[in-house]
Amino acid sequence: MEKTLIIGFSVAMIVASFLIGWWAKRKVTSNKAFFGSTGMFGPLAVGLSSTAAVASAFALVGVPGIIYATGNPMTFWMLSSAAFTMAYIILGKKVRAMAEIGEVASLGDISDLRFNNNRLIKALLSVVIFLGCIAYLSAQIKAGSELFAHLLGWEPIVAAFVIFGILTVYTAISGEVGGLLTQAFQGLVMVVAGVIMIVSFYAMTGGFGNVMQAVGSLKEAVGGDVTKPLGPDFLNAWGRLPGTISMVWMLIPILGTIGQPQVLTRMYALKNPKEMPKLSLYAALSHAIVGFFAVVVAYGVLYLVATGKVNPLAVADRAIFVFADEAGFIAQLFVYAAVLAAAMSSASLFLSICAGIISRDLPSALGMKIPENRQITASRITMFAIGIISIFFSIYRGDMVAILGTFGWGTLMSATFPVFIIGLLWDRANEAGVMTGMIASLGLNLLSLTSFKWPGGMPGYFYIIAIAVSLTIFVSLMTKEQKLNKKLQAVIDL
Amino acid sequence: MDISRKRSALMVLIAFLWLGITALGMLKLFLPAMILGVVLMFVHMFLGVARKGVVSKAFLVYPLLAWGVLWGASFILSKHYSDAFAGQMPAFTILGLHPSFAWTVLTYWIGGMLTLTVGFMFLRSEWLSDKDWDEFLATIASGKEGA
């Protein structure tokens with residue numbers, strides 16, 4: 001009976017998402033609306049949507065697992081709620097202003113406006129963003145499908161087609177308009193789930209003090225052939241990983257939030273740019289709840305293991321489900337719905353961005369112009385194609401999904417920082433500089449797919465970002481200054 | 001504070017900060033790298049808040065400098081207490097948290113988020129006033145240089 005209710009609740013969420021997407025198609029009155037929902041929504045919808053799109057299934061499943069396994073370094077990443085406000089302070093008014101000086105329906109359009117329709121920059125930007133987004137999309141499909149295949153007793157491919165097939169349909173029907181609204185709804189589900197999990201944590205453990213006592217006073221926990229190292233240092237700020245990892249997991253998500261397509265695109269979705277501070281409030285608060293949710297889940301499971309209530313986990317990613325099992329029926333109801341919401345919200349956004357790149361930005365960069373009145377149709381067809389291919393790819397090529405997993409947050413930063421962050425903060429950033437940064441970004445990202453190992457123990461994307469940004473700046477300075485038109489100068493001066 | 005002629009210098013600083021942080025990370029000097037990371041983020045916000053090359057002193061002090069001090073202190077205190085209690089149960093906890101991790105929660109997460117967000121809300125006109133936006137729209141409508 002409980003399992004039926006859990007499944008029913010999650011199905012209700014999928015159906016509600018579909019109905020919202022279906023309803024939203026009436027608001028698709030232009031290409032700008034379909035591709036970018038440009039200037040259409042208020043701060044609450046955009047804030048919830050931003051949180052949902054940023055917090056993928058990794059946030060709710062992977063993060064508690066990593067904290068359970070290695071301690072607190074990953075909390076720097078997950079408690080990065082200040083990042084939204086930082087992103088809007090840095091770039092919010094400029095990105096939004098770009099939508100006033102030209103037609104902006106995608107990040108490629110902003111690149112065109114800023115860099116004189118430079119096709120190479122747009123092509124490189126499109127390729128790297130596509131790689132990052134398709135990696136994310138595949139990971140969401142894999143995570144969501146496996147979870148519900150297990151719950152429903154179905155084959156993963158069937159679960160994938162049901163869940164992500166429905167998602168593909170409503171995303172194709174209503175584009176970014178439906179995408180943003182469904183993400184806002186899914187964000188709300190995640191926030192409600194977060195509140196319930198946080199309350200469950202305190203009810204289960206009695207608070208952080210008890211967790212500290214249980215974990216800190218035990219050298220290790222053994223059970224079911226698994227030994228889980230614990231100890232007093234486990235819950236300090238740095239956990240079991242080198243301090244450098246904490247540094248990377250602090251800087252990359254905080255500064256990197258501004259370089260994520262799901263945050264950048266939402267900046268120009270905001271109707272009134274003067275409401276950006278309010279947007280930052282909604283995004284920060286909703287993210288804070290979801291972030292804390294992920295942390296307390298890990299702490300709750302550590303407590304259960306340390307007090308012998310459950311065996312140490314053989315697979316750390318099971319943490320959230322173990323927590324929900326112990327927390328009770330209501331928690332289980334919301335955990336499955338929240339994980340599904342996280343996977344779907346991120347998947348719909350990345351599907352939309354990928355389709356826009358394939359059907360609009362990349363053809364334009366290659367000199368092929370699809371007539372404006374055909375672009376939406378082209379994008380819908382592309383969306384269906386990418387959706388179906390991604391489903392098969394994610395289920396049957398799990399090895400490739402794991403490899404693609406190296407592309408993600410950092411990869412996207414290495415593409416967006418030269419073009420948008422440096423490009424919109426600095427009028428001296430020129431085409432030569434940005435092209436150099438982008439070529440380096442693409443080349444080094446592809447190098448990361450080989451057996452090449454970066455020295456120094458940090459993840460490859462850190463070096464790539466540093467190199468791409470530095471090259472952009474130094475080459476811009478060493479090459480001829482490009483005069484900006486008055487409108488563009490007004491944006492940079494804003 | 002007029003930074004209109006200093007944008008390029010600040011960009012060069014950003015490049016050197018990225019490279020410096022990378023080098024420190026390779027040398028496993030993570031605390032100095034984190035502090036430089038705070039400087040890097042601060043410079044980005046400094047550039048972002050400027051209006052026609054002028055940074056509001058009010059916004060600079062709060063929330064920007066306040067946030068920078070909070071985060072710098074957070075990382076230093078986390079390191080201090082992790083070293084102080086290495087290998088043993090800490091002599092005290094802060095709200096039940098290890099004294100090293102408590103600063104991540106209190107100053108990095110809650111303090112940082114509230115400082116930036118509340119500051120941004122209350123001083124939003126220092127970032128983008130109604131006049132700024134109206135002037136911008138007038139500039140792009142007329143195609144003339146803003147006043």
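Just so we're on the same page: letters track the sequence lines, and every chain starts at 1.
Not a single salt bridge (Lys or Arg N to Asp or Glu O under 4.0 Å) links B:Asp134 to another residue, sequence neighbours left out. With sequence neighbours left out, B:Arg7 forms a salt bridge (Lys or Arg N to Asp or Glu O under 4.0 Å) with A:Asp427, A:Asp493.
For B:Ala50, the part lying under 4.5 angstrom from a heavy atom of chain A is the backbone only. For A:Phe417, the part sitting under 4.5 Å from any heavy atom of chain B is the side chain, from C-beta outward, and nothing else. Residue A:Leu281 touches chain B through both its backbone and its side chain, counting heavy-atom pairs closer than 4.5 Å. For A:Ala283, no part lies under 4.5 angstrom from a heavy atom of chain B. Contacts between B:Leu137 and chain A at a heavy-atom distance below 4.5 Å involve the side chain alone, from C-beta outward. With a threshold of 4.5 angstrom between heavy atoms, A:Met86 approaches chain B through its backbone and through its side chain. If you measure heavy-atom distances from A:Val248 to chain B, you find no contacts under 4.5 Å at all. A:Ile467 does not touch chain B: none of its heavy atoms, backbone or side chain, sits under 4.5 Å away.
Inter-residue side-chain proximity for A:Tyr463 and A:Leu444 is flagged as unmet; no heavy-atom pair is nearer than 4.5 Å. Counting heavy atoms from C-beta outward, A:Arg114 and A:Ile492 have side chains that approach closer than 4.5 Å. Between B:Trp71 and A:Met250 there is a side-chain heavy-atom pair separated by less than 4.5 Å.
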**Q.** Derivation and outcome, salt bridge (charged side-chain N to carboxylate O under 4.0 Å, His left out), residues A:Lys271 and A:Glu275
**A.** CA-CA 8 Å; A:Lys271 199 182 301 182; A:Glu275 293 207 287; over 6 Å; no

Q) Between A:Phe76 and A:Trp249, does a ring pair (Phe, Tyr, Trp, His ring centres under 6.0 Å) hold up when you go through it step by step? A) CA-CA 6 Å; A:Phe76 284 109; A:Trp249 285 355; 9.4 Å; no

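Applying the 6.0 Å contact sphere to NZ of A:Lys94 captures more than 12 heavy atoms from other residues, nucleotides or ligands. Surrounding OH of A:Tyr202 are more than 12 heavy atoms belonging to other residues, nucleotides or ligands, all under 6.0 Å away.
Between the side chain of B:Ser74 and the main chain of B:Trp103, a donor-acceptor pair closer than 3.5 Å is present. Within the 3.5 Å criterion, the main-chain N or O of A:Gly456 finds a donor-acceptor partner in the side chain of B:Lys28. No donor-acceptor pair closer than 3.5 Å links the side chain of A:Ser80 to the backbone N or O of A:Ile254. A donor-acceptor pair under 3.5 Å is formed between the side chain of B:Ser100 and the backbone N or O of A:Ala237. B:Arg51 places a side-chain N or O within donor-acceptor distance of the main-chain N or O of B:Glu126, the cut-off being under 3.5 Å.
With respect to chain A, the highest number of heavy-atom pairs below 4.5 Å among B:Met11, B:Met41, B:His44 belongs to B:Met11. No other option in A:Ile421, A:Thr75, A:Leu91, A:Asn210 has as many heavy-atom pairs under 4.5 Å with chain B as A:Thr75. Of the listed residues (B:Asp132, B:Leu24, B:Leu19, B:Val118), the one with the most heavy-atom contacts under 4.5 Å to chain A is B:Leu19. Of the residues considered (B:Phe136, B:Phe46, B:Phe75), B:Phe136 shows the highest number of contacts with chain A, using heavy-atom pairs under 4.5 Å. Contact count versus chain A (heavy atoms, under 4.5 Å) is highest, among B:Trp127, B:Phe16, B:Trp18, for B:Trp127. For the set B:Thr115, B:Leu31, B:Asp130, the count of heavy-atom pairs under 4.5 angstrom toward chain A peaks at B:Asp130. Options A:Lys278, A:Met458, A:Arg428 differ in how many heavy-atom pairs under 4.5 Å they form with chain B, and the most are formed by A:Met458. Note on A:Tyr88, A:Phe208, A:Phe292, A:Trp426: by heavy-atom pairs under 4.5 Å with chain B, the leading option is A:Trp426. Ranked by heavy-atom pairs shorter than 4.5 Å toward chain A, the options B:Leu29, B:Leu114, B:Leu128, B:Leu47 are led by B:Leu128. Comparing A:Gly92, A:Pro232, A:Pro277, A:Ala82 by how many heavy-atom pairs each has under 4.5 Å with chain B, the most go to A:Pro277. If you tally non-hydrogen atom pairs under 4.5 Å between each of A:Val295, A:Ile89, A:Ile473, A:Asp233 and chain B, the highest count goes to A:Ile89.
For the residue pair A:Asn72 and A:Tyr299, a side-chain donor N or O sits within less than 3.5 Å of a side-chain acceptor on the partner. Side-chain contact annotation: A:Ser81 with B:Trp109, donor-acceptor N/O pair under 3.5 Å present. Checking A:Thr85 against B:Thr117 by side-chain atom types alone, a donor-acceptor pair falls below 3.5 Å.
Distance check: B:Tyr81 OH to A:Asn236 CG gives 14.0 Å after rounding to the nearest 0.5 Å. A distance of 10.0 Å separates OG1 of A:Thr479 from CD of A:Glu481, quoted to the nearest 0.5 Å.
Annotation: residues 59-68 of chain B contacts chain A through B:Phe59, B:Trp67 [non-hydrogen atoms, separation under 4.5 Å]. Of residues 82-97 of chain B, those residues with a non-hydrogen atom less than 4.5 Å from any non-hydrogen atom of chain A are, in numerical order, B:Ser82, B:Phe85, B:Ala86, B:Gly87, B:Gln88, B:Met89, B:Pro90, B:Thr93, B:Leu95, B:Gly96, B:Leu97.
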